[in-house]
Amino acid sequence: MTMKAQEDPSALVRQGVALYDVGKYEESLTVLERARAIWPSSTTILYEISLSRFQLNDWDGVIRLADSIIVRQDINNADAYGVKAAALLRQGKVEESTNTLIDGISITGGDYKLFFNLGVNFINQNKANDAEICFLNAIQIKPTHANSYLLLAKLNQSTNPIKSLLAACQFLLLEPNSEQSKSAFLIINQILTSAPMYQPVNDVSKVAIDSNYVAVNHVLDSLVQINLHSGITMDIGVFENQLKEIVRVSAELMIYDEDDVWRGYLIPFYTDIFKDVYGEVFCNYIAQSQWKESVYWLEIHREELTKFGQFLKGEEDKK
């Protein structure tokens, strides 16, 4: 009792999290269990313990801890539903994992991480349209959730290339140099340099063709065909010119819809970028993982980059 009274549970949690962050999961668990012995009702401590147990493949232990958090109905509820669903998925219980995420969304009123994880589950169940809805909900809650944009780009690449292209660009604006940046630019490169890859709409692993984007997709197809016949090689200059043209045509042909991420946000946003002469800095910024010359361009155009950052801050303040 004397030892417990002398220890600060918050300090123990910080120590446990630090050990977790460097991959020392057994040591982290030992420290966090000491914190729980002092403060057994803390759902934050219970959640941190569940993360360590997850890394140690103790799926049943994770589920028990998550359930003990969920019954308390406090601020850690959403995270508890998320880690429980992940543990169920590792046990091969896909339907149960999906239902847990749906329950979590219903109980918490919506959480971007729960929507995102539910979308991933739906992809694994070949329910592409349901997955897209989940990622759109995640973005509505957290507009800067980069991974939702990336998976929207992947889902739409075959059937709605314009939507895929713009979503991939947005991911790269948020994460220009992450581990996934190259895969995001690969999507862009394939769309701008390859023949159309339209898939049947009855393929449940692909989202259905969005009729609102048919005309714009045809313009994109024509642009790609011209490039293919001309033997144009993709570089930063070609990329900038193509993206600027695609954004211009999209703005002309599309009807604004505030409930549509693309027509209500991305297309108007990119239109403002090119209209306000930030197109060059924008394209170089999102192409850092693709071309070294883009990195060099940004280094010698720091003033333009700073102004672009101020522009983005102004756009954020409008929301």
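Bear in mind that the values here come from a model prediction, so they are computed numbers and not experimental data.
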**Message:** Is it the case that the side chains of Asn147 and Glu175 hold a donor-acceptor pair, with the cut-off being a distance below 3.5 Å and no angle test?
**Reply:** no
**Item:** CG-CG distance between Leu152 and Leu166, expressed to the nearest 0.5 angstrom
**Value:** 11.5 Å
**ILVMFWY cluster, Leu56 and Leu65 together (side-chain gap under 4.5 Å)** = yes
**Item:** Gap separating the CD1 atom of Ile187 from the CG atom of Leu172, nearest 0.5 angstrom
**Value:** 9.0 Å
**Prompt:** Quick check: does any side chain N or O of Thr108 sit under 3.5 Å from a backbone N or O of Gly104, one acting as donor and the other as acceptor?
**Reply:** yes
**Fill in**
What one should report as the nearest heavy-atom pair of Ser52 and Leu32 is OG-CD1, 3.8 Å
**Gap between atom CG of Leu12 and atom CD of Gln15 - 0.5 Å precision** = 6.0 Å
**Message:** Counting neighbours of CZ on Arg72 that are heavy atoms of other residues, nucleotides or ligands and sit closer than 6.0 Å, is the number greater than 12?
**Reply:** yes
**Item:** Cys134/Phe116 under side chain to side chain contact (heavy atoms under 4.5 Å, CB included): CA gap, chis, key distance, verdict
**Value:** CA-CA 6 Å; Cys134 289; Phe116 177 78; over 6 Å; no
**Message:** Could you measure the distance from the OG atom of Ser97 to the CG atom of Leu88? Nearest 0.5 Å is fine.
**Reply:** 5.5 Å
**Prompt:** Under a single-linkage definition using a 4.5 Å side-chain heavy-atom cutoff for Ile, Leu, Val, Met, Phe, Trp and Tyr, are Val31 and Ile38 assigned to the same hydrophobic cluster?
**Reply:** yes
**Prompt:** Can we say Arg53 and Glu33 salt-bridge, meaning some charged N sits less than 4.0 Å from an Asp/Glu carboxylate O?
**Reply:** yes
**Asked** Given the rule in the side chain to side chain contact (heavy atoms under 4.5 Å, CB included) test, do Lys206 and Gln157 qualify, once you have shown the distances and angles that lead to the verdict?
**Response** CA-CA 9 Å; Lys206 305 291 182 182; Gln157 184 175 355; over 6 Å; no
**Message:** Apply salt bridge (charged side-chain N to carboxylate O under 4.0 Å, His left out) to residues Glu252 and Arg248 and explain how you reach the verdict.
**Reply:** CA-CA 6 Å; Glu252 287 183 359; Arg248 183 191 66 80; 2.7 Å; yes
**Asn177 to Ser289 - nearest heavy-atom pair and separation** = OD1-N, 4.3 Å
**Request:** Compare every heavy atom of Gly82 with every heavy atom of Leu114, then report the nearest pair and how far apart it is.
**Result:** CD2-N, 3.6 Å
**Asked** Between Glu240 and Glu280, is a side chain to side chain contact (heavy atoms under 4.5 Å, CB included) present by the stated rule, with each step listed?
**Response** CA-CA 7 Å; Glu240 181 185 349; Glu280 187 174 13; 3.7 Å; yes
**Message:** Side chains of Ile69 and Asp79, heavy atoms from C-beta outward: is any pair under 4.5 Å?
**Reply:** no
**Request:** Before giving the answer on side chain to side chain contact (heavy atoms under 4.5 Å, CB included), spell out for Ile209 and Asn160 the whole-Å C-alpha distance, their side-chain angles and the decisive distance to 0.1 Å.
**Result:** CA-CA 6 Å; Ile209 293 174; Asn160 301 295; 4.1 Å; yes
**Prompt:** If only atom types and distance count, is the side chain of Asp130 paired as donor or acceptor with the main-chain N or O of Leu118 below 3.5 Å?
**Reply:** no
**Request:** For the pair Asp272 and Lys275, find out whether any cationic side-chain nitrogen is under 4.0 Å from an anionic carboxylate oxygen.
**Result:** yes
**Asked** In chain order, what residues pass the ring-ring contact (aromatic ring centres under 6.0 Å, His included) check against Tyr278, with sequence neighbours excluded?
**Response** Phe308, Phe311
**Prompt:** Near Ile300 CD1, under 6.0 Å, is it more than 12 heavy atoms from other residues, nucleotides or ligands?
**Reply:** yes
**Item:** Ile45-Tyr81 co-clustered via ILVMFWY side chain contacts under 4.5 Å
**Value:** no
**Prompt:** Side chains of Tyr213 and Asp260: does their closest heavy-atom pair fall under 4.5 Å?
**Reply:** yes
**Message:** I want to check something: taking the side chain as every heavy atom from C-beta on, are Asn124 and Val120 in contact at a cut-off of under 4.5 Å?
**Reply:** yes
**Asked** For the atom pair CD (Glu95) and OG1 (Thr100), what is the distance rounded to the nearest 0.5 Å?
**Response** 11.0 Å
**Request:** Would you indicate whether Gln140, at its atom CD, is surrounded by more than 12 heavy atoms from other residues, nucleotides or ligands within a distance under 6.0 Å?
**Result:** no
**Request:** Give a yes or no on whether Leu228 and Leu192 share a hydrophobic cluster (residues Ile, Leu, Val, Met, Phe, Trp, Tyr; joining criterion: side-chain heavy atoms under 4.5 Å apart).
**Result:** yes
**Prompt:** Do Trp262 and Leu136 come close enough that some side-chain heavy atom pair is under 4.5 Å?
**Reply:** yes
**Request:** Calculate, to the nearest 0.5 Å, the distance between atoms CD1 and OG belonging to Ile63 and Ser68 respectively.
**Result:** 12.0 Å
**Asked** Is the Tyr270-Phe282 ring centre distance short of 6.0 angstrom?
**Response** yes
**Request:** Flag the pair Phe135 / Phe115 as yes when their ring centroid distance falls below 6.0 Å, and as no otherwise.
**Result:** no
**Message:** Keeping Ser164 on the side-chain end and Lys154 on the backbone end, is there a donor-acceptor pair under 3.5 Å?
**Reply:** no
**Prompt:** Mind checking whether Phe171 and Ser178 have side chains closer than 4.5 Å, heavy atoms only?
**Reply:** yes
**Message:** Restricting to salt bridge (charged side-chain N to carboxylate O under 4.0 Å, His left out), what partner residues turn up for Lys163, sequence neighbours left out?
**Reply:** Glu132, Asp210
**Message:** Do Ile70 and Asn77 have side chains that approach each other closer than 4.5 Å (heavy atoms only, starting at C-beta)?
**Reply:** yes
**Item:** Flag side-chain contact, heavy atom, 4.5 Å: Val295 against Glu299
**Value:** yes
**Item:** hydrophobic_cluster_shared for Leu165 and Ile139, side chain cutoff 4.5 Å
**Value:** yes
**Prompt:** Which pair of heavy atoms, one from Ile246 and one from Ser250, lies closest together, and at what distance?
**Reply:** O-OG, 2.7 Å
**Message:** Within a 6.0 Å radius of atom CH2 on Trp291, are there more than 12 heavy atoms belonging to other residues, nucleotides or ligands?
**Reply:** yes
**Request:** Start with the C-alpha distance between Lys307 and Glu304, add both sets of side-chain angles, then the distance that settles salt bridge (charged side-chain N to carboxylate O under 4.0 Å, His left out), and finish with yes or no.
**Result:** CA-CA 5 Å; Lys307 290 180 179 179; Glu304 289 92 330; over 6 Å; no
**Message:** Tell me if a side-chain donor or acceptor on Ser294 pairs with a main-chain N or O of Gln290 at a distance below 3.5 Å.
**Reply:** no
**Message:** Just checking Phe54 against Trp59, ring centres under 6.0 Å apart?
**Reply:** yes
**Message:** Tell me every residue that passes side chain to side chain contact (heavy atoms under 4.5 Å, CB included) with Ser106, counting only those two or more places apart in sequence or in another chain.
**Reply:** none
**Prompt:** Just checking, is any N or O donor in the side chain of Ser181 or Gln288 under 3.5 Å from an acceptor N or O on the other one?
**Reply:** no
**Prompt:** Any idea which heavy atoms bring Tyr256 and Arg263 closest together, and the distance?
**Reply:** CD1-O, 3.2 Å
**Message:** Quick one, Tyr20 with Gln55, criterion side chain to side chain donor-acceptor pair (under 3.5 Å). Give me CA distance, side-chain angles, the key distance, then yes/no.
**Reply:** CA-CA 9 Å; Tyr20 177 93; Gln55 295 297 336; 3.2 Å; yes
**Prompt:** Do the two ring centres, one from Trp297 and one from Tyr285, sit under 6.0 Å apart?
**Reply:** no
**Prompt:** Are Asn76 and Thr44 linked by a side-chain donor-acceptor pair shorter than 3.5 Å?
**Reply:** yes
**Gln91 versus Asp60, side-chain donor and acceptor atoms under 3.5 Å** = yes
**Request:** State, to 0.1 Å, how close Val224 and Ser194 come at their nearest heavy-atom pair, and which atoms those are.
**Result:** CG1-O, 2.9 Å
**Asked** Leu29 versus Ile49: any side-chain heavy-atom pair under 4.5 Å?
**Response** yes
**Message:** Please check this pair: side chain of Asn189 against backbone of Phe185, looking for a donor-acceptor N/O pair closer than 3.5 Å.
**Reply:** no
